[in-house]
Amino acid sequence: MIVIEEGLPTPLGAHFDGRGVNFALFSQHATAVDLCLFEPGARYESRTIRLPSRTDDIVHGYVHGLLPGQLYGYRVSGPWEPAAGHRFNPAKLVLDPYAREIAGRIRWHDALYGHRRGGAREDQIDRRDSAPFMPRGVVTRPDAPEPTPLAAPRPLHETVIYEAHVKALTMTHPALSDAERGTYLGLAHPAIIEHLLKLGVTALELLPIQAFADDRFLVEKGLTNFWGYQPFNYFAPEPRYLGGGDASALRFAIRELAAAGIETLIDVVYNHTAEGDHLGPTLAFRGIDNASYYKLDPEDRRRNIDCTGCGNTLNVAHPRVMRMVLDSLRHWVTVYGVAGFRFDLASSLGRAPYDFSPEAPFFQAVQQDPILSRVKLIAEPWDIGMGGYRLGGYPYGWSEWNDQFRDNLRGFWRGDRGTLAKLTQGLSGSREIFLPSGRSPLASINFVASHDGFTLADAVAYEEKHNEPNGEGNRDGHGHNLTSNYGIEGPTDDAEILGVRARQKRNMLACVFFAQGVPMLLMGDERSRTQNGNNNAYCQDNAASWIDWETDPDPALTEFVANLAALRRVCRSLRRRRFLMGAEVEGTGLKDVHWLSPDAAEMDGAAWADGERQAFGMQMSNDIAGSERVLILMNAATSPCPFALPPTLGGPWRPVFDTTLPVGTVPEGSRPAVEAGGTVDLPARAVLVLKGAPALPHQG
């Protein structure tokens, strides 16, 4: 027999204690909450229980006799007053925001909308029951204890990030079984881990794996929300990657990766939800307490403030909503072993309530949290709202995706005028951007390609986006790509063009790994993965997005990336924790960095102002006692450039890396050591790295 008691207001969600389940749901404005219990496969609830108690806007109740595996949802009563921001409709089954697991998928139907969709009056309530079309929450066993750390968190200066998608990474690998492909378990397969280790990857950054929806307009076109940036729950793993199992598969994968020395980071979307604007569906938050969970227009509370381009903005300035976000983050760290997060459109989290501030309550809460302050925190430092582009504006403890590094890198190598100085700023850690906030070069996440935009292979093969498969008439996606096709748009058999493209891929990857900061590699770039010119493949769950593990048009590139990572590991000057300042190092007569012209002279004002200049040198390690000095030469011109080598502290300059040589060719064998004052012929579109005598011990 089921017995109902008052229960407790905390913890939020559904929690089994061995005898029954405590249910607790926040809703500031609800008048009543009904718990709906479902049998497997049933369209409607088998029992409805009115939660009996309310404590500080938490509605709660305890149900004896319920066991893990029980399916449930809520119906929330309250005012239907859209003009006041209230959209309660008990005809709509809503998902518990704290549900730890989810059963079923959203089946799009007009009954999922709280208002009469398509009617002449937007505010007319729709009383059709949405239960047959909604997924259910699942009562789980008590959360697993905090995973025992296998090692201390890897320092950022030793981190190499690989941005990947669960399904795209594992779907076609021949070593995986059909049951493992496209799943969390596939991430843990030795073949996947071996590939990541070969590349020197230390952190796997996964596109969203919190439960997300396929947009209705995509489903109606036969597409899916492949990337996953439409969350409707922040605690449950996305079911489509479970492969018929349960959440333990994800825990296992993360632990296997950790055992191999690879941390797992996840991309999280706390800026908006899948419920869209005021005309969107009622799936969870809108039906539980629209006026609390979302930022509403103060002049017209019927409408959402949209800083995200997705119809709504989660109101993290509300203390209960912020608590949900913080609880969710801690859940992923303590239950699953996640080592850090990349925050999608993170500027929205700093709007308190409307304008961005690095001192926003959310940032302060994270900084003082004993768990979250220890993990890696990476911001996508913008949203589309007023003042939303905040690169460099985040507080201590945060790193940021540096899109200016990406743009300047692409522009320099395609030959854009006036980009040399901007590239050197990025190579030295983007001090101008990140030093004002008191942070180090490690605040900069450096990349040439990410999921959002062209892949690396497409950045050297396409000048225009080709997004027709998305079904939006090629209107979607960004038009500012800073790319070149080097003579022919798209695929070609022209050996000369293919040679240039191969060289440019290597040059740009070299800059990512040689720049101060944290390098990030996009999944499949090491295998020249192409999306056929689609720079917004968010809805392409097919070969356009999956890694092709069978065919590799540039098979030497994977080894090239591995060599880049290896050189970065052994060269301390490429992994600095303080900015290069161009300051003289006491006792050496040298600076911590010298920017050199091809005649080996230090670049002066006139050289920096020369917008046509396309070749330069970067000499480092003068301030690192006992470390070999590093000289990086770059030439983006289409013709060779003779480069005089500067003095050393004894001995010649030895070539150690050359983007013009085939993989496996030892630079010393093809390029002999060169005495100081000698000259090297730097080929067109090339990067050459040389090492010289160690710096002298510091004096005084």
Side-chain angles (χ1 to χ4, degrees), residues 162 195 198-200 406 409-416 423 447-450 453-463 481-515 519-533 535 547-568 614-615 632-641 655-667 669-671 681-689:
Y162 188 83
H195 180 74
K198 179 178 181 179
L199 293 174
R406 175 201 62 199
L409 172 61
R410 289 186 180 185
F412 175 78
W413 284 108
R414 80 170 182 175
D416 290 3
L423 176 64
F447 61 101
V448 64
S450 69
F454 282 134
T455 66
L456 177 63
D458 286 354
V460 297
Y462 295 91
E463 294 184 0
N481 296 296
L482 296 166
T483 60
S484 176
N485 61 29
Y486 299 100
I488 296 175
E489 186 79 350
T492 181
D493 294 328
D494 188 302
E496 183 177 351
I497 292 175
L498 291 175
V500 173
R501 291 177 177 178
R503 179 82 60 80
Q504 293 291 63
K505 287 185 294 184
R506 287 159 173 76
N507 290 333
M508 289 190 282
L509 286 170
C511 286
V512 170
F513 279 83
F514 294 160
M520 184 181 80
L521 181 67
L522 173 62
M523 173 199 71
D525 275 355
E526 74 281 6
R527 295 182 60 85
S528 298
R529 182 176 70 89
T530 178
Q531 295 175 172
N532 304 311
N535 74 351
I547 287 188
D548 182 351
W549 289 102
E550 298 288 347
T551 305
D552 188 346
D554 189 352
L557 189 56
T558 296
E559 190 69 28
F560 177 86
V561 173
N563 290 344
L564 281 174
L567 180 58
R568 182 180 176 86
Q614 293 182 289
I632 303 174
L633 306 180
M634 297 192 182
N635 179 22
T638 57
S639 57
C641 175
V656 295
F657 203 90
D658 188 342
T659 62
T660 70
L661 297 179
V663 170
T665 304
V666 180
S670 300
R671 285 184 174 275
D681 188 27
L682 190 59
R685 296 184 173 124
V687 177
L688 176 64
V689 181

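Because only heavy atoms are used, hydrogens play no part in the values below, and waters and symmetry mates are left out as well, while side chains stay in.
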Nearest heavy atoms of [X] and [Y], plus distance in Å:
X      : Y      : value
Ala686 : Thr660 : CB-CG2, 3.4 Å
Pro553 : Arg527 : CD-O, 3.8 Å
Leu522 : Ala449 : CB-O, 3.5 Å
Arg529 : Ala457 : O-CB, 3.6 Å
Thr530 : Thr455 : CA-OG1, 4.0 Å
Ala459 : Phe454 : N-CB, 4.0 Å

Does [X] reach the side chain of [Y], with side-chain heavy atoms less than 4.5 Å apart?
X      : Y      : value
Leu564 : Glu526 : no
Leu521 : Val512 : no
Asn481 : Tyr462 : no
Asn485 : Arg501 : yes
Asn563 : Phe657 : yes
Gln614 : Met634 : no

Return yes if some donor-acceptor pair links the side-chain N/O of [X] with the main-chain N/O of [Y] below 3.5 Å, else return no.
X      : Y      : value
Asn635 : Pro683 : yes
Asp525 : Leu456 : yes
Tyr162 : Gly200 : no
Arg503 : Arg685 : yes
Arg410 : Thr483 : no
Gln504 : Trp413 : yes

Can you tell me how far [atom2] of [Y] sits from [atom1] of [X], rounded to the nearest 0.5 angstrom?
X      : Y      : atom1 : atom2 : answer
Phe560 : Leu661 : CZ    : CG    : 10.0 Å
Asp554 : Lys505 : CG    : NZ    : 4.0 Å
Met523 : Ser450 : CE    : OG    : 11.5 Å
Leu482 : Arg414 : CG    : CZ    : 5.0 Å
Asp494 : Tyr486 : CG    : OH    : 14.5 Å

Legend entry - Among Asp658, Val656, Thr659, the one residue meeting side-chain contact (heavy atoms from CB on, under 4.5 Å) with Val689: Val656
Legend entry - Verdict with supporting geometry, Met508 and Val460, side-chain contact (heavy atoms from CB on, under 4.5 Å): CA-CA 10 Å; Met508 289 190 282; Val460 297; 3.7 Å; yes
